[in-house]
Every structure is written in structure tokens, then in C-alpha cells.
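This structure is a prediction, so every number in the text was calculated from the model and none was measured.
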Amino acid sequence: MQTAEDRDYKLADYLARASDRYTLTKYKIVMSWLPKTPNLRVLNAGCGSGEMNILLSQNSTWQVDALDVDVEAIRLSQNLKLEHDITNLNIYHSTIEEYTATEKYDIIVSNDVLEHIEDDRAAMQKLSDLLKPNGLICISVPALQWLFGYHDEMLGHYRRYHRQELIDKLSVNFNLDKCRFFAASLIPVALLYSRALRQAYPIGELQQQSLTTRVLESVLDFECKVSLPIGISLIALASQKNSDRRD
């Protein structure tokens, strides 16, 4: 069940991402899984405030397209594009379902998007349609339905995902390469703030330089390298069903 998103809460969430250690470490995992092959076409489906756009565009030989349904996300992404003087990035205001492309993509990235879409299976089918036969897709979603709480409600989420659920839904259109949890260390924070206190996460406090944040940064860096059997996020890499790609 979805509740109506809170626009002020969503904007605050966008603005926090540029210095949010959790988000940036998760994006680091995603980038480490992507190939370094030059001259690829890449789609960021649901680009939010644009931090992943910047990371993808750092490979100057890639052509990066990004889309989002939220006008505020588009504004923030365009500002980041101008700030970083990026020329290999196009940003479009569109839903995944309505988006059309002149050519298919080698890579599709979609971070924290599917939980906002009621019919996530249809969205995965559309992403498959946009991907080349040998293409890769990397998706991250919030994990564990028993963590569903205030944060999810304020952002208008329909669900959080269990690992097997994500695997089963991806497997309709894709061959799964990897699927891992991330940020087990933040489960107590999610339980306390989102479930028990029903408050926003203390992101501002965690962005300040303190012993707590330095410890958290070290723990997240460890979790970036070592996959634990639980976490607040799931990250998956998959390839098209009709792909001839082999590891």
C-alpha cells in the first residue's frame, strides 16, 4: 500500500544525497560493478537529484541519458550538470513507462526507483525493452518489508524488497549476475527512527564530522567490500535473457 509522498520530505532527501555517506557508498558499489568499456550508451532511469549522473558521466566516452518523473529532481540534476560542465549527459522529464529512445542502451542503472512504482513488473519489462541484447542492468532498492515505516511513507513507497522477491521479479526478463545486501549497520537506525519514533532519519547529524560519523564511514566502507547477509538496501546486477554474455 502506498501513501501520498510528502514533497518537503522528498526535497530534503534529494538535498541530503550529495553528502550522504550511505548513498555515496552504495553508488560506489554500483560503479564498481559496471564495465569500463568505452563508447557505451547508458541510461540512468530515475536519476533523482543527479549524483549518479555525475559518476556515470565521468567516463567521457559514454553517452549518458537520465530521466525522472519529478520536476524538482530534473531541476537539481540540470544544476549539477551545469556545475560540473558535463557535455555527455542528456536529462529528460519522463516516467520509465512513457520514455522512448532512438537507440537501445548498453547499460541501465536504476537506484531506489522501483519501490515508487505500483506495477514494478511492468517497469522492469520496459527497462528490458530499452536494453540491448547483450546489455546490463544494475538496480538498487530498499530492502526488507519489516523495515517499512515513516521514511517509506513520506517518500510514497509501495514496498521494500526481500532478496528472493527481487530475484524472482528480475528473473522474468534478465539473467541474474549478482545480488547483495548493503548497510546492515543502519538497520538499528531504520528501526528506531522510521519504525519506532516515526521521524526522519538524522541525516544532518550523520553528515557532521564527529567520532560517530567517522566510525559509520569506516563501517560502510567495510560493508562496501564485504557482503553481509542482511542490510537496508539490495543491489542487483543482471543481463538480458537473450544475452550470450558469460562470466
message = Ignoring hydrogens, what is the shortest heavy-atom contact between Ile29 and Cys224? Give both atom names and the distance.
response = CG1-SG, 3.6 Å
key: Shared hydrophobic cluster, Phe222 / Phe181 (ILVMFWY, side-chain heavy atoms < 4.5 Å)   = no
note = Of all heavy-atom pairs linking Ile74 and Asp68, the shortest is CD1-O, 3.7 Å
task = Enter the distance from Leu114:CG to Arg160:CZ here, rounded to the nearest 0.5 Å.
result = 13.5 Å
ask   = Is there a chain of hydrophobic side chains (I, L, V, M, F, W, Y, each step under 4.5 Å between heavy atoms) that links Leu186 to Ile230?
value = yes
ask   = Hey, quick one: are Val69 and Leu80 part of the same hydrophobic cluster, counting side-chain heavy atoms closer than 4.5 Å, chains of contacts allowed?
value = no
Shortest non-hydrogen separation from Glu5 to Arg7 and the atoms involved = OE2-NH1, 2.8 Å
inquiry  = Does either side chain, that of Tyr161 or that of Arg159, offer a donor lying less than 3.5 Å from an acceptor on the other one?
reply    = yes
remark   = Residue set satisfying side-chain hydrogen bond (donor to acceptor under 3.5 Å, both in side chains) with Asp6, at least two apart, ordered chain then number -> none
request  = Please assess Glu217 against Arg214 for the test salt bridge (Lys or Arg N to Asp or Glu O under 4.0 Å), listing each intermediate value before the final yes or no.
outcome  = CA-CA 5 Å; Glu217 197 167 28; Arg214 288 196 293 272; over 6 Å; no
task = For Tyr14 and Gly48, work out which heavy atoms get closest and say how close.
result = CE2-CA, 3.9 Å
query = Going from CD1 on Ile117 to NZ on Lys126, what distance comes out if it is rounded to the nearest 0.5 angstrom?
reply = 11.0 Å
query = In terms of side-chain heavy atoms, does Gln125 have a donor or acceptor partner in Asn173 at a distance below 3.5 Å?
reply = yes
ask   = Got a sec, which hydrophobics cluster with Val71, joining ILVMFWY side chains under 4.5 Å apart, including via others?
value = none
message = Under a 3.5 Å threshold, yes or no: a donor from one side chain and an acceptor from the other, between Asp120 and Tyr158?
response = no
key: Contact list for residues 29-54, test salt bridge (charged side-chain N to carboxylate O under 4.0 Å, His left out), sequence neighbours left out   = Arg41-Asp65
task = Could you list the residues that satisfy side-chain hydrogen bond (donor to acceptor under 3.5 Å, both in side chains) with Tyr99, not counting sequence neighbours?
result = Tyr105
ask   = Which heavy-atom pair separates Ile235 from Phe182 by the least distance, and what is that distance?
value = CD1-CB, 4.1 Å
key: Ser233 side chain to Tyr22 side chain, donor-acceptor N/O pair below 3.5 angstrom   = yes
From Lys241, Met124, Arg121, residue fulfilling side-chain contact (heavy atoms from CB on, under 4.5 Å) relative to Val172 = Arg121
task = Report the C-alpha distance between Leu130 and Thr100 in whole Å, list the side-chain angles of each, state the deciding distance to 0.1 Å, and finish with yes or no for side chain to side chain contact (heavy atoms under 4.5 Å, CB included).
result = CA-CA 8 Å; Leu130 290 168; Thr100 58; over 6 Å; no
ask   = Given the rule in the salt bridge (Lys or Arg N to Asp or Glu O under 4.0 Å) test, do Lys28 and Asp221 qualify, once you have shown the distances and angles that lead to the verdict?
value = CA-CA 10 Å; Lys28 182 179 177 180; Asp221 186 57; 3.7 Å; yes
task = Can you run down the salt bridge (charged side-chain N to carboxylate O under 4.0 Å, His left out) pairs that involve residues 76-90, sequence neighbours left out, and say none if there aren't any?
result = none
query = Nearest 0.5 Å, what's the CG-OG1 distance between Asn59 and Thr37?
reply = 9.0 Å
query = Less than 6.0 Å separating the ring centroids of His151 and Tyr193?
reply = no
key: Distance, nearest 0.5 Å, that separates CG of Leu237 from SG of Cys138   = 5.5 Å
Single-linkage hydrophobic cluster Val219~Leu228, side-chain heavy atoms < 4.5 angstrom = no
key: Atom pair CD (Glu223) and CZ (Arg180), whose distance is rounded to the nearest 0.5 Å   = 7.5 Å
message = Please find the pair of heavy atoms, one from Leu56 and one from Trp62, that lie closest to each other, and give the distance.
response = O-CE3, 3.5 Å
task = Please list, chain by chain and in numerical order, all residues satisfying side-chain hydrogen bond (donor to acceptor under 3.5 Å, both in side chains) with Asp13, sequence neighbours excluded.
result = Arg17
